[in-house]
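My structure is below; once you've seen it, I'll send some questions.
Here is how names work: the chains are called A, B, and so on, in the same order as the sequence lines, proteins then strands, and each is numbered from 1. All values below were derived from every heavy atom in this structure, side-chain atoms included, with hydrogens, water molecules and symmetry-related copies excluded.
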2 protein chains.
Amino acid sequence: MTADVSLAPRDPGPEGTRWLDVEEQRAWRAWLYSAQLLLDRLDRELTHATGISHAYYEILVALSETEGRMMRMSELADRCLSSRSRLSHAVSRLEERGWVRRQVCPDDGRGQLAVLTDDGFAALEAAAPVHVESVRTHLFDQLSPEQVAAMRDLGETLLRHLGPR
Amino acid sequence: MTADVSLAPRDPGPEGTRWLDVEEQRAWRAWLYSAQLLLDRLDRELTHATGISHAYYEILVALSETEGRMMRMSELADRCLSSRSRLSHAVSRLEERGWVRRQVCPDDGRGQLAVLTDDGFAALEAAAPVHVESVRTHLFDQLSPEQVAAMRDLGETLLRHLGPR
DNA sequence: AAACTGTAGTTGAAGGCTCATCTATTCCGC
DNA sequence: GCGGAATAGATGAGCCTTCAACTACAGTTT
């Protein structure tokens, strides 16, 4: 029924590949589908209700949390799990909206600071309740406290392996 | 520390928004980051090792699992959690690679069948072990059997809410 | 069978992401 | 303080996704 296994029957012998068994496939598919659907749903609802994609939202949030509402580009990229290039493009677009501006970093002539403007902060303030409600509706309202604990445990376990680099 | 809450202190009163508490934030952040990192990692490893993105991989897998290795476009889109438009573009690109071809649906003159070619199947056969190994390394090898069970439970619970529609 | 409505799929434009490349600045060893 | 290596960030091309039309066929009504 699933991806990775449909091929297993055709290459059954002991040839080194650690194929997934039926239970693993189910777990994997359930995780993958739910993750894709949830991320997609949250992004869509936020975008349609506020005009801010989840990617932009994360940038605005990161900036809003710092002293002075400003942050070095590369630090911001790390926080947002974004590549430098992607962040640079995104900040350019946020600049066009008037929500962020760039400023040369005083300490390091190579560096740039991304600064959240008042308009940007206002946009974030308007979007936050919408997003939180969305996360509640599609995630927390669906889960028991035990499942929330398991979700956290799972996430933190994977994070220890995957990053934060 | 996180997104959704950084704004909570500034709008503390009882104004209707069900903000996340500290525990919920941790769970949410852990899930979000781990999901983004894992999806990204798997896609990157597959793409770099085989030239097949995860999105393409899912299309090839879906086709490979059917009788005759062919499927209606819209059914394929549903299986891959893809929009019709996105799938249509993707199939066009796979057609250029010679991995899929289109064929008018005999039953329904409006419909198209996407058919996996032998080359496409061969490409999938080459990619599958790479992908499975990646999923094992970054997911299953990191988790206890209990965590795998929890992951499945979580995914299935969310799927009941989010779809499949 | 003509007209309407709904469904299947495609298309093109616009925005977003990735990758490779490029510039500017800092750091390091001498 | 000079020259090379490393770092910060920007940029442009190409690919991918989305969105809003658009075409074509099917099913339904009259």
* Structure fact -> Protein heavy-atom contacts under 4.0 Å, written 5' to 3' over nucleotides 7-17 of chain D as B (base), S (sugar-phosphate only) or - (none), form the string BSSBBB---SB
* To do: Report the C-alpha distance between B:Val100 and B:Leu60 in whole Å, list the side-chain angles of each, state the deciding distance to 0.1 Å, and finish with yes or no for side chain to side chain contact (heavy atoms under 4.5 Å, CB included).
  => CA-CA 8 Å; B:Val100 170; B:Leu60 300 180; 4.2 Å; yes
* Asked: B:Ser92 and B:Arg102: side-chain donor and acceptor closer than 3.5 Å?
  ->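 Yes - a donor-acceptor pair under 3.5 Å links their side chains.
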* Asked: What integer distance in Å separates A:Leu81:CG from C:dC17:C1'?
  ->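 Answer to the nearest Å: 15 Å.
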* Asked: C:dC17 P sits how many Å from A:Asp43 CG, rounded?
  ->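 So the CG-P distance, A:Asp43 to C:dC17, works out to 10 Å.
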* Is there a donor in the side chain of B:His138 and an acceptor in the side chain of B:Glu45, or the other way round, less than 3.5 Å apart? ->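 Side chains of B:His138 and B:Glu45: pair found under 3.5 Å.
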* How many angstroms lie between atom CG of B:Leu42 and atom CH2 of A:Trp28, to the nearest 0.5 angstrom? ->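 Reported value, rounded in 0.5 Å steps: 5.0 Å.
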* Given atom CD1 of A:Ile59 and atom C1' of C:dC17, what is their separation to the nearest angstrom? ->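 After rounding, the gap between these two atoms is 12 Å.
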* Do A:Arg97 and A:Tyr56 get their side chains close enough for a donor-acceptor pair, meaning under 3.5 Å? ->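 No, A:Tyr56 and A:Arg97 have no side-chain donor paired with an acceptor closer than 3.5 Å.
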* Asked: Quick one: side-chain hydrogen bond (donor to acceptor under 3.5 Å, both in side chains) partners of B:Glu133, sequence neighbours excluded?
  ->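 B:Glu133 satisfies side-chain hydrogen bond (donor to acceptor under 3.5 Å, both in side chains) with A:Arg18 once adjacent residues are dropped.
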* Taking atom P of C:dA8 as reference, at what distance in whole Å does atom CG of B:Leu76 sit? ->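 Rounded to whole Å, this separation is 14 Å.
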